[in-house]
**Q** 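Got a structure here, written out as structure tokens. Questions coming.
Letters A, B, ... mirror the listed sequences (proteins, then strands); counts begin at 1.
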Number of protein chains: 2
Amino acid sequence: MLEKAALILDCFSPSGGPYRLSELSERTGLPKPTVHRLAADLVRLGWLERSGPRYLLGAKLFELGSLVPHRRDLRETALPFLQDLFEATRETIHLGIREGMEVVYLERIHGHEALRLPSRIGGSLPLTCTAVGKALLAFSGAELTEEVLSHPLPSLTPHSITDPDRLRMALEKIQVSGLSYEEQEAASEVSCIAAPVFAGDTAVAALSVAVPRTRFRPAQLAPAVRTAALGLSRVLRGQGGARIPLSSR
Amino acid sequence: MLEKAALILDCFSPSGGPYRLSELSERTGLPKPTVHRLAADLVRLGWLERSGPRYLLGAKLFELGSLVPHRRDLRETALPFLQDLFEATRETIHLGIREGMEVVYLERIHGHEALRLPSRIGGSLPLTCTAVGKALLAFSGAELTEEVLSHPLPSLTPHSITDPDRLRMALEKIQVSGLSYEEQEAASEVSCIAAPVFAGDTAVAALSVAVPRTRFRPAQLAPAVRTAALGLSRVLRGQGGARIPLSSR
DNA sequence: TCGCGTTGTTCCGTGTCACGGAACAAACAT
DNA sequence: ATGTTTGTTCCGTGACACGGAACAACGCGA
């Protein structure tokens with residue numbers, strides 16, 4: 001029952017777009033009357049909304065989603081640094097964390113010029129295809145790197161790194177320089193530079209600047225990204241990662 | 001069953017903080033074994049997380065919440081204007097919409113100086129206690145105003161407006177000037193100025209600047225807020241509110 | 001205007017699985 | 001050592017989720 005409800009809600013990820021009853025039925029594999037009943041319940045609870053024949057994710061989910069502690073806290077303390085970085089570069093800024101073998105973006109801020117990017121707040125992308133992802137991967141321990149390299153590498157564009165050796169070299173460079181680069185590996189015509197945010201010697205997050213390829217000037221962006229990332233690291237260390245003690249096991 | 005799960009999740013609003021099994025049982029009024037079973041299911045689905053004996057809202061909710069179309073679209077198109085406003089003022093910026101008789105905040109950005117505010121992204125406050133709320137209320141039709149005035153006015157601080165006549169006058173001023181002011185009505189030592197974002201002649205959103213009372217200089221902030229709000233209004237008009245046609249009934 | 005495919009909704013008999021009291025185990029306090 | 005609170009397991013009962021089938025509403029092309 002809960003599981004079926006979750007199936008329905010998961011239909012809306014990642015597109016979010018409106019769906020009709022029969023589409024939901026088809027996508028979940030659940031019979032139509034079942035979806036009908038469950039969807040009606042979900043609407044009553046505010047988890048879905050309905051306008052005419054179309055179902056949308058509901059306001060309650062936004063409310064609850066905004067409260068998720070890990071996300072909210074990190075986003076909140078990172079925000080001032082993201083603003084600094086935006087003000088310094090006036091380009092699109094990302095904040096991401098690692099979740100398994102993917103990046104999840106917690107924040108994305110930008111000005112009036114909108115890049116066409118696959119990244120969305122709350123959405124996830126392969127670690128290996130983005131600057132943020134590679135920054136996280138490079139400082140998440142050797143085991144994870146091996147784990148990632150043991151599968152075929154996914155790609156978002158023809159420029160995505162699919163050769164394990166190239167990736168390994170790229171990660172080593174990142175480990176040395178503390179900076180992660182990406183050129184059209186996630187979206188065409190977009191380049192990106194990222195820096196990891198540390199807690200101890202592993203990365204807990206990374207932030208990046210995304211720029212149209214034609215005006216990508218890494219030398220100018222590097223100090224700003226690094227500064228922001230280090231500043232955030234320092235604040236996180238200060239306030240102690242242990243606001244929620246992880247306790248037993 | 002769904003309803004019981006919703007009860008459990010609603011425990012986390014607005015505090016978000018971690019809860020133990022017995023607290024959840026008490027707050028929901030559900031028997032312990034029931035909560036235990038449901039919570040376990042919710043954890044399996046990623047809607048809750050569990051570290052030791054504490055339950056937290058889960059990552060999946062963040063993911064889904066970020067996709068809620070109304071929120072996401074408005075937030076996305078508003079963001080550049082919020083950035084402009086932040087850059088012009090370097091103060092805390094809010095974006096809010098009306099939901100019933102409350103404001104819901106879609107975005108809040110700020111620099112390193114953190115004001116102590118009751119507003120949270122995804123959270124809601126009474127319309128009458130905040131600059132954003134009053135801006136929305138002033139341009140939501142006379143019926144709503146009467147509806148609000150027909151109940152006793154809530155208050156967040158001793159400065160919150162609780163006198164219906166005073167509120168009515170304040171709203172009229174807002175309707176004339178297109179600007180909404182608030183002084184320590186939501187949080188002590190904080191003043192605020194807001195401007196409505198229009199679709200036609202009713203407000204679909206409002207944005208505000210919150211400032212420590214001591215350095216509140218309305219004359220300097222007013223043009224910036226108004227400019228940002230009008231700019232956003234224009235863009236919203238341009239892209240048509242009708243991306244999701246409301247269709248029948 | 002009619003008919004036909006599609007989509008949404010209602011009905012209801014069947015069987016499942018959610019339910020929660022009770023009993024047990026583990027953690028914590030004193 | 002002993003009570004107290006919290007977390008977990010068990011299991012018999014019955015409510016209610018389930019989904020096929022039949023029906024209604026819509027959209028579309030002729």
Side-chain angles (χ1 to χ4, degrees), chain A residues 1-13 15-58 60-61 64 69-70 242-249, chain B residues 1-13 15-58 60-61 64 69-70 242-249:
Chain A
M1 163 102 226
L2 275 184
E3 193 163 345
K4 292 176 188 173
L7 272 177
I8 292 176
L9 293 179
D10 284 341
C11 286
F12 294 86
S13 170
S15 74
Y19 291 110
R20 319 181 36 127
L21 180 64
S22 39
E23 303 179 69
L24 291 176
S25 167
E26 187 184 11
R27 295 176 59 119
T28 56
L30 299 172
K32 250 190 306 179
T34 301
V35 175
H36 183 261
R37 179 169 34 84
L38 287 178
D41 288 346
L42 292 173
V43 169
R44 265 191 312 103
L45 296 173
W47 296 8
L48 285 184
E49 276 167 28
R50 182 178 175 170
S51 67
R54 314 164 108 89
Y55 290 96
L56 298 163
L57 292 179
K60 188 118 220 167
L61 281 177
L64 288 173
H70 296 311
R243 285 177 58 186
I244 299 156
L246 294 181
S247 79
S248 56
R249 244 183 328 164
Chain B
M1 162 103 228
L2 274 183
E3 193 163 345
K4 293 177 186 172
L7 271 178
I8 292 177
L9 293 179
D10 284 342
C11 286
F12 294 87
S13 169
S15 75
Y19 290 111
R20 318 181 39 127
L21 179 64
S22 39
E23 303 179 69
L24 291 176
S25 167
E26 188 185 11
R27 295 176 59 121
T28 56
L30 298 173
K32 249 191 308 179
T34 302
V35 175
H36 182 260
R37 179 168 35 83
L38 288 178
D41 287 347
L42 291 172
V43 168
R44 266 192 309 104
L45 297 172
W47 296 8
L48 286 183
E49 277 166 26
R50 183 177 174 171
S51 67
R54 313 163 109 88
Y55 291 95
L56 300 162
L57 292 178
K60 188 119 220 169
L61 281 176
L64 288 173
H70 296 312
R243 285 178 57 186
I244 298 155
L246 294 181
S247 79
S248 56
R249 244 184 329 162

**Q** How close or far is atom P of D:dA21 from atom CZ of A:R37, stated in whole angstroms?
**A** 17 Å
**Q** Between A:A39 and A:Y55, what is the shortest heavy-atom contact and its length?
**A** CB-CE2, 3.7 Å
**Q** Test your reading of the model: is there a side-chain donor-acceptor pair from A:R44 to the backbone of A:G46, 3.5 Å cut-off?
**A** no
**Q** Could you tell me whether the side chain of A:L48 reaches within less than 4.5 Å of the side chain of A:I8, counting heavy atoms only?
**A** yes
**Q** Determine whether a donor-acceptor pair (N or O, by modelled atom type, separation under 3.5 Å) exists between the side chain of B:S25 and the backbone of B:L30.
**A** yes
**Q** Taking atom P of C:dG20 as reference, at what distance in whole Å does atom CE of B:M1 sit?
**A** 11 Å
**Q** Tell me whether the side-chain N/O atoms of A:T34 come closer than 4.0 Å to OP1 or OP2 in D:dC18.
**A** no
**Q** Just how far, in rounded Å, is C1' of C:dG21 from CG of B:L30?
**A** 15 Å
**Q** For a 4.5 angstrom cut-off between non-hydrogen side-chain atoms, does B:K4 reach B:V35?
**A** no
**Q** Can you check whether B:P69 reaches A:L57 side chain to side chain, under 4.5 Å on heavy atoms?
**A** yes
**Q** Go along nucleotides 4-13 of chain D 5' to 3' and tag each nucleotide: B for a protein heavy atom under 4.0 Å from its base, S when only backbone or sugar atoms are that close, - otherwise.
**A** --BBBB----
**Q** Who pairs with A:R27 by side-chain hydrogen bond (donor to acceptor under 3.5 Å, both in side chains), at least two apart in sequence or on another chain?
**A** A:Y19
**Q** Rounded off to whole Å, could you give me the NZ-to-P distance for the A:K4 and D:dC16 pair?
**A** 16 Å
**Q** Give the rounded distance in Å between these two atoms: CG of A:L24 and C1' of C:dG8.
**A** 12 Å
**Q** Please list, in numerical order, the residues of residues 38-49 of chain A that have a heavy atom closer than 4.0 Å to any atom of DNA chain D.
**A** none
**Q** Can you tell if the side chain of B:L64 reaches within under 4.5 Å of the side chain of A:L64, non-hydrogen atoms only?
**A** no
